[in-house]
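Sequential numbering from 1 along the given sequence is applied to the chain's residues. Keep in mind that this is a model prediction, so the values were computed, not measured. Note that ligands are numbered from 1 as they come in the structure, with each ligand's atoms numbered from 1 the same way.
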Amino acid sequence: MSRHCDPNDIALKSFFLGPQAENAELVTHIFHRIVERWVKWRQTRFCEDGRAISAEDKATPEYRADLKKIDSMVEELMHRFESEVPKFSPRYIGHMFSEISLPALFGHCISLLHNPNNVSAEASRVGIKIEQEAIDELLTMCGYDPNVGTGHFTSGGTVANFESAVRAKWRMSRWLSIACIAKKQGLWNGTYFEAANLGWSQHRNLRDQIDFSEENSTESDYFNLSPTHASRRLAAELGDYKDPVLLIPGHRHYSWEKIAVLLGYGKENLVPVDLDQHGTASVSDLNRKIDWCQNEGRPIAMIVSILGTTEMGLIDPIHDIQNLIDQYNMTHDLFIWHHIDAAYGGFFCSLKDSHDFVDEKFKRDLNSVRSANSLTVDPHKLGYVPYACGAFLVKDKQENQIPTQQTPYIDFDENDSGHFTLEGSRSAAGATATWLTAKTIGLNEAGYGRILRRTIEAGRLLRLALEENIPNVHIPTSADTNILCFCVGKSGESLTAVNERTQRIFDRFSPYKDNDFYVSKTEIDLQLYSAFLEANFPDWFPNKDSARLTLIRVCLMNPFFTSTEPNVRYPTVFAKSLAQFLRDSQRQ
Ligand SMILES: *Cc1c(COP(=O)(O)O)cnc(C)c1O
């Protein structure tokens with residue numbers, strides 16, 4: 001007898017191979033066709049050239065010996081990968097990866113077979129067009145206008161974040177440069193701080209007035225100068241030079257440290273924004289810090305908000321942050337680059353028009369993304385696309401153009417994004433995977449939205465199962481999305497003891513060996529998260545003998561974690577398995 005399921009779920013079931021390879025037939029059929037087409041592509045191209053490998057060649061002992069070697073090593077490689085972390089299973093609830101979708105897998109493989117290099121159209125006739133179409137799909141999903149915005153695929157979120165910081169830096173250097181000349185010619189009399197956040201309209205205004213025929217009145221390229229050289233010149237020309245700062249919440253991804261260091265800002269100028277009771281960026285602290293920058297004359301290189309924090313999947317108050325930035329723009333004429341690091345949460349934007357599910361704050365924040373200057377989104381996280389696939393989006397094409405290195409041997413077309421990417425050679429596989437995903441599943445409420453809703457629901461179900469089965473479990477209530485963090489401990493117990501217990505739970509469900517479930521863990525700073533911890537754990541008073549709290553972290557990305565068709569109910573089975581472990585370890 002067939003078991004019934006929600007018609008909503010049926011479509012979803014064709015998008016993945018399934019935990020038991022339920023869609024094996026479909027996958028085999030399509031892969032077979034992909035290879036067949038690929039082979040035919042070759043056979044019908046330059047076929048009058050004749051064959052380079054003959055039937056006689058294939059009969060030689062050397063040929064046969066090589067073939068045997070390839071055959072056996074393929075076998076060995078496949079065998080070795082059988083010990084890989086089984087990320088496809090609903091029992092894997094550790095890091096931000098899980099199943100890959102079938103359209104993404106097919107798209108990725110089709111691209112691999114043709115091996116385009118998206119550095120330029122010369123190396124990728126089709127791949128580049130697919131990339132632009134996929135970028136348009138991502139722009140639309142996030143609320144940007146694809147006629148105005150643009151972007152490109154990267155190897156991941158780290159590089160996409162770098163792309164944003166480079167653009168913010170380039171924009172600032174253009175503004176500083178024009179202000180310097182205008183000041184020299186007596187056309188403008190602002191401060192160094194004002195010059196750094198000048199805005200394009202004033203930039204244009206000054207450019208129109210400047211007499212470029214005057215001696216030494218060419219724009220300086222601060223972007224290309226060493227930080228020492230640039231700062232000396234700026235100090236001489238605008239006076240009172242002080243280092244710019246990056247205002248980024250304390251729960252940021254560690255890529256921002258690399259960015260601060262490698263772009264020459266210095267780690268000390270990465271100023272963390274405090275976290276509020278929701279564990280997200282405090283708008284009042286951000287306000288204080290912008291004021292502080294203004295009073296100190298420290299230009300703001302960029303403000304970053306996070307849509308889906310790496311640790312807990314939390315969403316910064318993007319709407320309120322954007323409002324604050326807009327206010328400074330209106331009252332102080334400040335133009336500050338706002339970047340959204342949505343490496344994890346970007347795909348939640350597919351739910352931005354949802355009427356019946358997303359809570360109001362969540363929805364407002366998703367709909368404010370479109371006002372930010374740029375955004376990072378990783379299809380290789382919540383897009384269920386194979387590695388390596390990230391994307392950088394920018395609201396306004398004009399702000400995407402950074403000074404480019406010209407190379408005589410690449411025939412760049414003016415539309416090629418290869419001019420403006422930090423990476424050189426780039427695979428088209430990520431773009432193609434995302435393209436096929438967008439064209440089949442759809443980057444909207446009815447497509448991805450449906451999958452992501454399930455994952456959020458999975459978080460709720462697991463929370464209930466844990467609360468029912470684990471005495472003294474502590475799960476923050478303000479978890480927004482599909483990541484759950486928790487620990488187990490009694491009031492009065494020392495944090496060291498709680499952390500040791502969390503470590504034991506991690507060891508029990510660690511991905512280093514075969515297990516029934518796999519989780520990940522993280523450690524949060526008590527001071528950074530103090531308001532959050534107080535608001536979330538009002539009845540838990542541990543003895544704070546440690547400055548950090550270790551938490552088990554589960555990412556509920558697998559679309560089948562809440563399926564009712566298999567013989568196991570994963571949320572309950574996991575909670576019971578954990579409860580059993582805790583009972584056993586208590587007895588010892
Ligand atoms: C994962 C993540 C990144 C980095 O992305 P990679 O693809 O691992 O380079 C950046 N920011 C956030 C918020 C992330 O979750």
- Return yes if some donor-acceptor pair links the side-chain N/O of Lys289 with the main-chain N/O of Pro272 below 3.5 Å, else return no. yes

- Would you check if the side chain of Asn197 reaches a backbone N or O of Phe335 as a donor-acceptor pair within less than 3.5 Å? yes

Compile the donor-acceptor pairs under 3.5 Å between side chains in residues 137-144 and protein atoms, sequence neighbours left out, one pair per line.
| from | atom 1 | to | atom 2 | distance (Å) |
| --- | --- | --- | --- | --- |
| Glu137 | OE2 | Lys439 | NZ | 3.0 |
| Thr140 | OG1 | Asp136 | O | 2.8 |
| Tyr144 | OH | Val369 | O | 3.3 |
| Tyr144 | OH | Ala372 | O | 3.3 |

- What does the list of residues with a heavy atom under 4.0 Å from ligand 1 look like, ordered by chain and number? Met96, Gly156, Gly157, Thr158, Asn161, His253, Gly308, Thr310, Asp341, Ala343, Tyr344, Asp378, His380, Lys381

- Taking ring pair (Phe, Tyr, Trp, His ring centres under 6.0 Å) as the test, write out the residues that go with His338, two or more places apart. none

- Item | Thr440 side chain vs Pro103 backbone, donor-acceptor pair below 3.5 Å | no

- Apply ring pair (Phe, Tyr, Trp, His ring centres under 6.0 Å) to Phe162 and list each qualifying residue two or more places apart in sequence or on a separate chain. none

